[in-house]
Amino acid sequence: MKKLAFLFLIFLGFPVSAQQANDCGDAIVVCGNTNISSNASGYGIQELDASLNPCTFEEVNSLWLTVNIAVGGTLAFNLRPDSSDLVVDYDFYVYGPFSNCTNLNDPIRCNTTNPIQAGLSSNLTGLRDTETNTSGGPGENGNGFVSSIPVIAGEQYYILIDRPVGNGGFNLEWTGTAGFLPPPEVNQPENIEVCEDQSNLQIDLTQHTTQIT
C-alpha cells in the first residue's frame, strides 16, 4: 500500500503530457527569460486564419509559447534555426496583450518572409528595436525581422512559431529589456505512508492537499 500511495502522488503532483504544444491552450510557459531550444512538428487545431492575419499564412509545423510580463520594457527575440540552410524557413506570430486562446484576434506582430525568395543571406528571424514594420512577408516581402513590442508588467503574450518549409529545430534567444515571471518554487514533500492490512484500500489524499501542492 505504501508503494501504491507513492504512485498516486506521482500522478497527482506532476502532470504528464506526451503531446507537443501544437495548440494555444497547451502553450509552453516561458519563465525567467529562459531561452528556448525546441522543434516544431505538425499542428493540432488550425488556429491561424490565413485570410485574416496580415502575414497571410497558416500553421504547418507549429509550437506555442506564452510569456507573462513581470518587468516592463521591450519584448524582442532572435529565432535561429538549427540549420543555416536557407531552405529552412521559420515564421512567427505574436498575440496580446489582451488576447486569450478562445479569442486570439489578429497577431500584433508576424513574419512569414521566405529567406530564399527575399534574397536574404541568413534564415534568422525575430523582433528587434531597429525595425519599424509590424509584419513581414509573405514570401519575398521583408527582411526577416519586425519591430519589438513595448510591454508593461501584468501583460501576457502568446507566440506561435511555425516552420512551413524545411526540417530541424530552432533556438529562441530573448534580446529585449522586459522581464518574465520567474518559475515557481517547488518543494519536495515528505513521504506519506499508509499501512493497512485490508485489501482494496482506498486512499484519500485530499487531506494532504496543502502538502502535495
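Within the 4.5 Å cutoff, no side-chain heavy atoms of T125 are placed close to those of T113. Taking the side chain as every heavy atom from C-beta outward, D91 and C110 never approach each other to under 4.5 Å. Residues I108 and T134 form no side-chain contact, since every pair of their non-hydrogen atoms from C-beta on lies 4.5 Å or further apart. V29 places a side-chain heavy atom less than 4.5 Å from the side chain of T66. Inter-residue side-chain proximity for F77 and N35 is flagged as unmet; no heavy-atom pair is nearer than 4.5 Å. Residues F98 and N103 have side chains not in contact (no heavy-atom distance under 4.5 Å, counting atoms from C-beta outward). Between L127 and F92 there is a side-chain heavy-atom pair separated by less than 4.5 Å. The shortest distance between side-chain heavy atoms of F170 and V88 does not fall below 4.5 Å.
Taking every heavy atom of both residues into account, N105 and S99 meet most closely at ND2-OG, 4.1 Å. Between E58 and Y93, the closest heavy-atom pair is N-OH, 4.4 Å. Nearest heavy-atom pair across A27 and A21 is CA-CB, 4.4 Å. Shown here for A178 and N33, the closest heavy-atom pair between the two residues is O-ND2, 3.0 Å. Residues I161 and L172 share a closest heavy-atom pair of CD1-CD1, 3.6 Å. When every heavy atom of A118 is checked against every heavy atom of G142, the shortest pair comes out as CB-O, 3.8 Å.
Note: the hydrophobic cluster containing Y90 does not contain Y95 (ILVMFWY, side chain heavy atoms under 4.5 Å, direct or indirect links). Each of V146 and F57 belongs to its own hydrophobic cluster when Ile, Leu, Val, Met, Phe, Trp and Tyr are linked at side-chain heavy-atom distances under 4.5 angstrom. If you chain together hydrophobic residues whose side chains sit under 4.5 Å apart, L65 and V151 fall into the same group. Under a hydrophobic-cluster definition in which Ile, Leu, Val, Met, Phe, Trp and Tyr are linked whenever side-chain heavy atoms come within less than 4.5 Å, directly or via other members, Y158 and L48 are assigned to the same cluster. With hydrophobic clusters built from ILVMFWY side chains whose heavy atoms lie under 4.5 angstrom apart, I149 shares a cluster with V30.
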Report task. Tell me, with the steps shown, if D204 and T206 meet side-chain hydrogen bond (donor to acceptor under 3.5 Å, both in side chains). Result -> CA-CA 6 Å; D204 181 10; T206 58; 2.5 Å; yes
Query - Audit row: F180, I69, side chain to side chain contact (heavy atoms under 4.5 Å, CB included) steps and yes/no - result: CA-CA 5 Å; F180 307 155; I69 306 301; 3.9 Å; yes
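A side chain to side chain contact (heavy atoms under 4.5 Å, CB included) with I159 holds for exactly one of I28, V94, L63, I36; it is V94. The side chain to side chain contact (heavy atoms under 4.5 Å, CB included) with P115 is formed by just one residue from the set L86, V165, V87, D85; it is L86.
Taken to the nearest 0.5 Å, the CG atom of N68 stands 5.0 Å off from the CG atom of L181. From Q156, atom CD reaches atom CG of N100 across 8.5 Å, with rounding to the nearest 0.5 Å. To the nearest 0.5 Å, the span separating OG on S135 from CG on N111 amounts to 8.5 Å. A distance of 11.5 Å separates CG in D49 from CG in L104, rounded to the nearest 0.5 Å. For the atom pair CZ of R109 and SG of C55, the computed distance is 11.0 Å after rounding to the nearest 0.5 Å.
The backbone N or O of D162 lies less than 3.5 Å from no partner atom in the side chain of N61, so there is not a single donor-acceptor pair. In this structure a side-chain-to-backbone donor-acceptor pair under 3.5 Å is missing from N171 to D82. Panel note: side chain N133, backbone G136; no donor-acceptor pair is recorded below 3.5 Å. Checking side-chain atoms of N123 against main-chain N and O of S83 turns up a donor-acceptor pair under 3.5 Å. The closest donor-acceptor contact from the side chain of Q46 to the backbone of E59 lies under 3.5 Å.
Side chains of T177 and T74: a donor on one and an acceptor on the other come within 3.5 Å. At a cut-off of 3.5 Å, with distance as the only test, a side-chain donor of S148 or D129 sits close to an acceptor on the other residue.
Heavy-atom contacts from other residues, nucleotides or ligands closer than 6.0 Å to CZ of R128 number more than 12. Surrounding OH of Y43 are at most 12 heavy atoms belonging to other residues, nucleotides or ligands under 6.0 Å away.
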